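Note sheet for the following structure.
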Amino acid sequence: AKLVAGEDARDTRGVIRVKNFIRVRPETLPADEVLEDRVRTALARDPYIMLSDVTVQARNGLVILKGTVNSSFEKEHAEMITASTKGVVDITNNLQYEHVWSQKSDWEVLADVREQFFWSPFVDENQIDIAVEAGVVTLSGVVDSWQEYRRAEQNAFQAGAKDVRNKLTVSSFRPLPYTAED
């Protein structure tokens with residue numbers, strides 16, 4: 001619920017920055033060993049995570065993830081699975097990954113990023129300028145929400161970017177204040 005509340009706040013039009021001070025307080029705090037077992041079981045059931053490469057430690061509701069995964073998606077996904085496990089109060093995600101790049105020419109990367117943006121329901125391709133140099137994609141322009149900001153970066157990686165420099169600006173649209181004449 002804490003993560004969802006933070007995401008909802010970030011995705012609200014006009015929001016520039018979010019500091020999530022919501023505190024998770026379970027009715028009862030499970031023993032460290034029980035919490036570690038719950039998280040390991042949840043991760044083992046997930047088809048995206050190789051549990052043999054992940055270490056789980058718990059201390060008074062704080063879960064520490066260590067080890068190696070294959071991608072940034074798996075790192076974020078492991079954190080999401082851990083966060084949804086009963087009894088987890090906070091997470092320190094120390095998982096590491098090495099981004100493996102399948103070499104493509106700059107024009108192929110550019111074409112694939114444009115295609116990703118075209119098909120994405122979250123990204124307005126007309127607001128974003130794309131430049132590619134040596135496989136590195138630079139995104140610039142103005143987007144309407146933090147969700148669009150994050151999705152554009154994800155789409156660029158999905159298109160085969162070696163790395164992404166996200167220089168997008170989230171619009172600071174704010175409704176005009178109400179006046180007596182209105």
Side-chain angles (χ1 to χ4, degrees), residues 1-102 116 120-123 135-137 139 143-170 172:
K2 174 183 178 174
L3 296 176
V4 171
E7 287 295 314
D8 285 348
R10 273 185 216 85
D11 292 340
T12 301
R13 187 177 175 109
V15 171
I16 302 298
R17 183 174 174 195
V18 173
K19 287 190 175 186
N20 192 339
F21 292 113
I22 296 173
R23 295 186 68 184
V24 177
R25 293 187 184 138
E27 292 180 18
T28 58
L29 199 58
D32 292 345
E33 299 79 24
V34 171
L35 188 54
E36 288 171 0
D37 287 341
R38 286 181 187 172
V39 172
R40 279 191 203 101
T41 300
L43 291 172
R45 289 183 182 153
D46 190 84
Y48 295 110
I49 308 299
M50 295 292 292
L51 189 59
S52 61
D53 299 332
V54 177
T55 302
V56 177
Q57 294 177 316
R59 294 186 193 127
N60 298 322
L62 168 66
V63 174
I64 302 167
L65 301 175
K66 295 179 184 176
T68 306
V69 292
N70 294 322
S71 66
S72 60
F73 167 79
E74 288 181 26
K75 178 179 179 171
E76 291 175 22
H77 191 70
E79 185 169 337
M80 184 185 73
I81 296 297
T82 302
S84 63
T85 304
K86 186 176 181 179
V88 174
V89 174
D90 202 3
I91 303 165
T92 300
N93 190 344
N94 292 330
L95 293 173
Q96 302 293 315
Y97 66 93
E98 184 175 325
H99 179 69
V100 179
W101 184 56
S102 300
Q116 283 283 330
S120 174
F122 305 105
V123 177
V136 178
V137 173
L139 304 175
V143 293
D144 295 327
S145 68
W146 285 106
Q147 180 183 30
E148 188 174 2
Y149 177 96
R150 288 187 303 278
R151 293 296 179 118
E153 185 172 324
Q154 289 172 350
N155 287 156
F157 274 119
Q158 290 168 344
K162 182 177 184 179
D163 197 8
V164 178
R165 293 190 179 119
N166 194 338
K167 296 182 178 182
L168 293 170
T169 302
V170 178
S172 58

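Everything numeric in this text was worked out from a predicted model, so none of it was measured.
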Identify the heavy atoms of Ala78 and Leu95 that sit nearest to each other, and give their distance. CB-CD1, 3.7 Å

Does some side-chain heavy atom of Thr82 sit less than 4.5 Å from a side-chain heavy atom of Leu43? yes

Ala152 to Val123 - nearest heavy-atom pair and separation: N-CG2, 3.8 Å

Atom CD of Glu76 and atom CZ of Arg150: how far apart are they, to the nearest 0.5 Å? 9.5 Å

Does the Arg38 side chain pair with the main chain of Thr85, one donor and one acceptor, at a distance under 3.5 Å? no

Tell me the closest heavy-atom pair linking Val137 and Ala161, and the distance in Å. CG2-CB, 3.5 Å

CH2 (Trp146) and CG (Leu168) are apart, to the nearest 0.5 Å, by 9.5 Å

Flag, side chain of Arg165 to backbone of Val136, donor-acceptor distance under 3.5 Å: no

Of all heavy-atom pairs between Asn155 and Gln158, which one has the smallest distance, and what is that distance? ND2-OE1, 3.1 Å

Donor-acceptor pair, Glu36 side chain versus Ala58 backbone, under 3.5 Å? yes

Result for side chain to side chain contact (heavy atoms under 4.5 Å, CB included) between Val63 and one of Val88, Val89, Asp32, Asp90 points to Val88

From Thr41 atom OG1 to Asp46 atom CG, the distance as rounded to the nearest 0.5 Å: 12.5 Å

Considering all heavy atoms, the nearest Val69-Glu74 contact: CB-OE1, 3.6 Å

Where do Leu62 and Ile64 land on the side-chain contact (heavy atoms from CB on, under 4.5 Å) test, with the steps shown first? CA-CA 7 Å; Leu62 168 66; Ile64 302 167; 4.3 Å; yes

With side chains defined as the heavy atoms from C-beta onward, is the minimum distance between Glu148 and Arg151 less than 4.5 Å? no

Rounded to the nearest 0.5 Å, how far apart are NZ of Lys75 and CD1 of Ile49? 12.0 Å

So CD of Gln147 and CG of Asp8: to nearest 0.5 Å the spacing works out to 9.5 Å

Do the side chains of Thr169 and Val143 get nearer than 4.5 Å, heavy atoms only? no

Using every non-hydrogen atom in the two residues, find where Val164 and Ala156 come nearest and quote the distance to one decimal. CG2-CB, 3.7 Å

